[in-house]
Amino acid sequence: MNWFPILLVIHIALAVSLLVPSVVVPFLMRRASGPPGPVVRALLAMSGTGTLVIAAGLAITGAAMLWILGPELLTQPWLLVALVIYAANLVVAASISRPNLRRLVGLRAGDDAEWRRRARQQRWIAYGMAAGIGVIGFLMSTKPALW
C-alpha cells in the first residue's frame with residue numbers, strides 16, 4: 001500500500017491546524033461584548049495545550065514523507081522557501097499573535113477603544129499570516145524553479 005497520500009493529507013491538516021487559531025480567532029472576535037464563544041474558546045485551547053501534540057504529529061509525518069520520498073527533496077528551492085515562510089509564520093504565531101490574542105480575550109469590556117485597536121492590529125497580523133499560507137500553498141502546488 002502506498003502510504004504517501006495518507007501521510008500528505010495528515011501532514012497538511014496538522015500544518016494548517018497549527019496556525020488556524022492565530023489566523024481565524026481575530027476574525028471571530030469582531031466585537032468586544034460578552035465572553036468569547038465556544039468556537040473561540042476551543043481554538044484558544046487548541047493553540048495552548050494542543051500545540052505540542054500537533055507539532056509532534058507534524059514532525060513525525062514530515063519525517064515519514066522524507067523517508068518515503070528521499071532526502072534529496074530537501075534540495076528543492078521551492079520547498080526550502082516554503083519551509084522558511086512556514087517557520088516565520090510559526091514565530092509570528094508563537095511570539096506575537098497568540099500572546100496578543102490572550103490579552104485581547106482578557107481585556108475588560110469597558111475599554112472598548114483599546115479593544116478595537118488591538119483587535120484591528122490582530123486582524124492585520126492574521127492577514128499577513130494568511131498571505132504567507134497562500135504563498136506556501138502556491139509553492140507546494142506549482143513547485144516553481146526558483147533558482
Heavy-atom check, side chain of [X] versus side chain of [Y], under 4.5 Å:
X      : Y     : result
Tyr86  : Leu58 : yes
Lys143 : Gln76 : no
Leu14  : Leu18 : no

Report the distance from atom [atom1] of [X] to atom [atom2] of [Y], rounding to the nearest 0.5 Å.
X      : Y      : atom1 : atom2 : result
Asn89  : Met129 : CG    : CE    : 4.5 Å
Trp78  : Leu83  : CH2   : CG    : 8.5 Å
Ser97  : Leu19  : OG    : CG    : 9.5 Å
Gln122 : Ile125 : CD    : CD1   : 4.5 Å
Ile68  : Leu7   : CD1   : CG    : 5.0 Å

Check [X] against [Y] and note the closest heavy-atom contact, atom names and distance.
X      : Y      : result
Arg123 : Pro26  : CG-O, 3.7 Å
Ile85  : Gly132 : CG2-O, 3.6 Å
Phe27  : Ala126 : CE1-CB, 3.5 Å

Not counting sequence neighbours, which residues clear salt bridge (charged side-chain N to carboxylate O under 4.0 Å, His left out) with Arg117? List them please.
-> Glu114
Do [X] and [Y] share a hydrophobic cluster, counting only Ile, Leu, Val, Met, Phe, Trp and Tyr and linking them when any side-chain heavy atoms are less than 4.5 Å apart?
X     : Y      : value
Ile6  : Ile12  : yes
Leu69 : Leu66  : yes
Leu73 : Leu139 : yes
Leu80 : Ile133 : no
Trp3  : Trp67  : yes

Which residues share a side chain to side chain donor-acceptor pair (under 3.5 Å) with Ser17, sequence neighbours left out = none
